[in-house]
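This structure is a prediction, so every number in the text was calculated from the model and none was measured.
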Amino acid sequence: MKKILSLFLVFLLTFALAACAGTSPETSPEASVQPSEAASPSDSAAPEESASPEPSMAEKLSVRAGFLKGPTGIGASYLMSQSEKGETALDYTFTIESDPSIITSSVISGDLDIAAVPTNVASVLYNKMEGGVKIIAVNTLSVLYILENGESIQSVADLEGKTLYATGQAANPEYVLNYILRQNGLEPGEDVTIEYADASELAAKMAAGELDVCMLPVPMSTSVLVKNADVHAALNLGEEWSKISSDSTLAQGCIVVRSDIDNLDAVVEGFLKDYETSVDFMADSANLEAAAQLAVQYEIVPSEAIAKAAIPDSGLIFIAGADSIKETLSGYFQVLLEAEPKSIGGALPDDAFYFKSA
């Protein structure tokens, strides 16, 4: 009997201890969801925030995109703004450069997935990398101007006997200039002396009145016009191109993607959606004030005054789709092939160059 009573008392004691443990503040259901009286406002808000989390950037596909200071950077300024707000289809890391060769090298090395490059460089990359890149959009039409401090140049023929300072040696601008000169009966280096130099250096000297004639792209050309009222745009090389090659378009900028990136189709689809929205915003004259502010914010253009003047002349355009891109570029590539084969990598790119989703 004593043994039974002892067991009974042990049972009661064990039950009591378990009951006390079950009602402790640290383990009771009510205590676990109540903020402590000493908790900070941020602490007490944390459970509420985690209850319905917003989609995080980590859930989006990541892409490394490179643009150039100038028209391609201008066109991407709204994209960069929206990316910072988390309002884009993809999670972006941006690289902005003034030297196209840096962007090109980063594409070849695999440090960039998507990049803005001159159209002829896209063909060079395709041939050099044996199909390692594809073109997904055309984004820039003609942006080259010949500026004059004076009034003697009314046509290309008026360049005869002059010294023309220019930017873009061994690149798109040189090939375009040479073709236009030759089609107008002028031989580069003989009938027209051409001195190549850095665009920033030329813009500074032209604005200071130290040069008479130079060739510059937007927005460098725009900065000169804003700073020196005696300088004017004597020739628009896009217009001059159309006069001698009506069946081709002087499309100078495009977007390429590496063919070997993960989730290629999804990345291209997301990027094109984001980028088209950006180009449309930046090119819309109703948004000029805001667009200029964004171009300055991302250090694409040095001042809002220059940005406002440059954006309308930046040749911003969005052309996507393999057939549309090929139609836009094939005539231009044919002209470059005949004028200087190395300018497009020695051969016309085949149809696989123009991106099509699987």
Worksheet item: What pair of heavy atoms forms the shortest contact from I325 to A137, and how long is it?
Response: CD1-N, 3.6 Å
Response to the item:
The single option from D212, T193, I153 that satisfies side-chain contact (heavy atoms from CB on, under 4.5 Å) with K162 is I153
Item to complete: Identify the heavy atoms of V133 and A122 that sit nearest to each other, and give their distance.
Response: CG2-O, 4.2 Å
Item to complete: Take D113 and R258, measure what salt bridge (Lys or Arg N to Asp or Glu O under 4.0 Å) needs, and give me the verdict at the end.
Response: CA-CA 6 Å; D113 306 310; R258 281 187 60 98; 5.9 Å; no
Discussion item. Taking E187 first and then R182, would you say they form a salt bridge - that is, a charged N and a carboxylate O separated by under 4.0 Å?
Written reply: yes
Worksheet item: Will you find, in the side chains of E338 and Q334, an N or O donor that is under 3.5 Å from an N or O acceptor?
Response: yes
Practice prompt. Quick one: sort the Y332 and W241 rings into parallel, tilted or perpendicular, breaks at 30° and 60°.
Written response: perpendicular
Item to complete: List the atom of P219, the atom of A310, and the distance in Å for their closest heavy-atom pair.
Response: CB-CB, 3.6 Å
Discussion item. Under a 3.5 Å threshold, yes or no: a donor from one side chain and an acceptor from the other, between Y78 and D280?
Written reply: no
Practice prompt. Salt-bridge test for K326 and D351: reply yes if a basic N is under 4.0 Å from a carboxylate O, no otherwise.
Written response: yes
Worksheet item: Could K205 and E201 be called an ion pair, given the rule that one side-chain N must be under 4.0 Å from one carboxylate O?
Response: yes
Worksheet item: Side chains of S109 and S106: is there a donor and an acceptor less than 3.5 Å apart?
Response: no
Item to complete: Determine whether the side chains of E174 and Q169 contain a donor N or O and an acceptor N or O closer than 3.5 Å.
Response: no
Item to complete: Run through V117, I255, I114 and flag the one making a side-chain contact (heavy atoms from CB on, under 4.5 Å) with F67.
Response: I255
